[in-house]
Amino acid sequence: MKVAVIMGSASDKGQLTGCIDILKEYGVDVAVRALSAHRAHGALAEFVEECNNDGTDVIITAAGMAAALPGVVASMTILPVIGVPVKGSTLDGMDALFSIVQMPPGIPVATVAINGGKNAAWLALEIMAIKYPELKAKLLAYRKEMEASCLKVNDDIKAEFN
Ligand code: RP5
């Protein structure tokens with residue numbers, strides 16, 4: 001299981017640490033890069049070409065402002081590309097959200113919430129679970145754990161107010 005995580009700038013790093021932690025917790029081999037689509041497009045193209053040939057399963061991308069990175073990466077691969085809009089200081093991430101989600105037909109980017117790095121990891125795991133049965137079993141077990149902890153909270157609330 002192999003995932004590439006590309007951020008547009010080191011300033012996006014904070015939005016990806018949770019994502020990278022989740023992937024590693026599930027035993028995924030993670031290759032992390034900071035390669036701007038605007039400032040380093042040559043190196044970005046070389047890295048995506050590596051991903052196309054080295055068994056990478058999914059590419060996670062994160063960028064803010066005029067966030068071209070996810071769409072540009074998607075244009076260079078048929079691997080599933082997940083986009084994380086990063087909240088900048090001026091337009092609160094709406095700029096990045098619209099840049100990432102509004103892709104033309106044929107070049108999709110699976111866009112998660114603004115600053116939704118953790119869901120990018122969960123979505124990548126679910127995509128890979130189609131191919132890796134042991135990962136599928138782990139994700140199903142995790143859903144059961146989440147349900148159990150949610151029901152425990154419900155029991156506590158019932159006991160407190162009823
Ligand atoms: C985007 O511009 C990056 O993804 C980052 O979110 C934003 C600002 O980049 P820096 O000026 O902090 O490098 O391309």
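We use all heavy atoms of the structure for the numbers below, so side chains are in, but hydrogens, waters and symmetry mates are not. Indexing begins at 1, ligand by ligand and atom by atom, following the structure's order. Position 1 is the first residue of the sequence; numbering continues from there. For clarity, every value in this text was computed on a predicted model and none was experimentally measured.
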Exercise. Can D57 and K2 be counted as an ion pair, charged N to O under 4.0 angstrom?
Worked result: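 The answer is no: the pair does not qualify as a salt bridge.
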
For this session: Could you pull out every protein residue that has a heavy atom closer than 4.0 Å to ligand 1, ordered by chain and then number?
Result: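 Around ligand 1, where the cutoff is 4.0 Å for heavy atoms, the contacting residues are G8, S9, S11, D12, R39, A63, G64, M65.
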
Problem set entry | Hydrophobic cluster identity match, V112 and M7, side-chain contacts under 4.5 Å |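 Yes, it is one cluster - the side chains of V112 and M7 are joined through contacts under 4.5 Å.
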
For this session: Using the test ring pair (Phe, Tyr, Trp, His ring centres under 6.0 Å), find all partners of F98 that sit at least two apart in sequence or belong to another chain.
Result: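 Expected list: none.
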
Can I get a per-line list of side-chain donor-acceptor pairs under 3.5 Å for residues 146-159, giving both atom names and the distance, sequence neighbours left out?
| unit_1 | atom_1 | unit_2 | atom_2 | d |
| --- | --- | --- | --- | --- |
| S149 | OG | M146 | O | 3.4 |
| K152 | NZ | D156 | OD1 | 3.0 |
| K152 | NZ | D156 | OD2 | 2.9 |

For this session: Identify which one of I127, L125, I130 satisfies the side-chain contact (heavy atoms from CB on, under 4.5 Å) criterion when paired with L135.
Result: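 With L135 as partner, side-chain contact (heavy atoms from CB on, under 4.5 Å) holds for just one option, L125.
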
Exercise. Under the salt bridge (Lys or Arg N to Asp or Glu O under 4.0 Å) test, which residues partner D21, sequence neighbours left out?
Worked result: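 Result, salt bridge (Lys or Arg N to Asp or Glu O under 4.0 Å) vs D21: none returned.
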
